[in-house]
Colleague: 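I am attaching a structure below and will ask some questions about it afterwards.
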Amino acid sequence: MKRVAILVSGGGSNMVALVRSMTGDHPARPVLVASNDPGAQGLLRAAELGVPTAAVDHRAFKGDRSAFEAELLGPILAAEPDILCLAGFMRVLTPGFVERFEGRMLNIHPSLLPKYPGLHTHARAIAAGDEEAGCTVHEVTAVLDDGPILGQARVPILSGDTPETLAARVLRHEHVLYPAVLRRYAAGDRSPVRLAETSERL
Ligand code: GRF
């Protein structure tokens, strides 16, 4: 059984989808949900789901990312994860931290990478006149929102979409894509998951 730690910064809806998926014959189990924000709603939701939680407030480190990460590493290493999932974790990690988990750290990003790394992905896709948007699960490397793509789900951009309506549509697909990728990844299968056809029906 693989041990999975999940890092969140906010609401944690992707974390909830991941935790709920890890039952039965799933090859992994959640061992920790950690956050850089002690007030993150995701921590409460994890606790409700019976998953151990930890919080390290990044603001106490005044921009010293390495010092913040050194503190965050404590509970993570204690949980002995095989896989680390970033799920709406809004801190950029240092190359040193990424290296430590290389080949076993995943992230979900709300765009069809390599398009629109970084923030405001939905507004950028709408402003560009794109006909579709989506989300990507990828392995984390030292370059932000880069690294081998493990799965993508595509959704149409509809006329009248705002960044908010598009974000809500994409998020529903994130909740299907991320668990699907994690299940395969935990079983050792790194071939890309494509959800284009099924995702249209969500
Ligand atoms: C998701 O859209 C994720 O892709 C993005 O932030 C959002 C987090 O949502 N980076 P949640 O915390 O999982 O509800």
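Worth saying up front: this structure is predicted, and the values here are computed from it rather than measured. Counting convention: from 1, in listed order, for ligands and their atoms alike.
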Colleague: Determine all donor-acceptor pairs shorter than 3.5 Å in which one atom belongs to a side chain in residues 10-24; sequence neighbours excluded.
Modeller:
unit_1: Ser13; atom_1: OG; unit_2: His175; atom_2: NE2; d: 2.7
unit_1: Asn14; atom_1: ND2; unit_2: Glu174; atom_2: OE1; d: 2.9
unit_1: Ser21; atom_1: OG; unit_2: Leu18; atom_2: O; d: 2.6

Colleague: State whether a side-chain donor-acceptor pair under 3.5 Å links Asn36 with Ser9.
Modeller: yes
Colleague: Give me the nearest non-hydrogen protein atom to atom 4 (O) of ligand 1 as residue plus atom name, then the distance to 0.1 Å.
Modeller: Glu174 OE1, 2.8 Å
Colleague: Going by the angle between their ring planes, with limits at 30° and 60°, are His58 and Phe68 parallel, tilted or perpendicular?
Modeller: perpendicular
Colleague: Can you find a non-hydrogen atom of Ile108 under 4.0 Å from ligand 1?
Modeller: yes
Colleague: Look at atom 8 (C) of ligand 1 and say which protein heavy atom is nearest, naming residue and atom and giving the distance to 0.1 Å.
Modeller: Gly88 CA, 3.8 Å
Colleague: Does the pair Arg183/Asp189 count as a salt bridge with the N-to-O cut at 4.0 Å?
Modeller: no
Colleague: Answer yes or no: is there a side-chain heavy-atom contact under 4.5 Å between Leu84 and Leu7?
Modeller: yes
Colleague: Under a 3.5 Å threshold, yes or no: a donor from one side chain and an acceptor from the other, between Glu102 and Thr141?
Modeller: no
Colleague: Can you report which non-hydrogen protein atom sits closest to atom 9 (O) of ligand 1, along with the distance?
Modeller: Asn14 ND2, 4.0 Å
Colleague: Below 3.5 angstrom, do we get any N/O pair linking His109 and ligand 1?
Modeller: no
Colleague: Among all the protein's non-hydrogen atoms, which is closest to atom 12 (O) of ligand 1, and how far away is it?
Modeller: Gly12 N, 2.8 Å
Colleague: Starting from atom 10 (N) of ligand 1, what is the nearest protein heavy atom, named by residue and atom, and what distance separates them?
Modeller: Pro110 CD, 3.8 Å
Colleague: I need the nearest protein heavy-atom contact for atom 14 (O) of ligand 1: residue, atom name and distance, please.
Modeller: Ser13 OG, 2.5 Å
Colleague: Atoms of ligand 1 less than 4.0 Å from Gly11 heavy atoms?
Modeller: 12 (O)
Colleague: Going by atom types only, do Tyr178 and Asn107 share a side-chain donor-acceptor pair under 3.5 Å?
Modeller: no
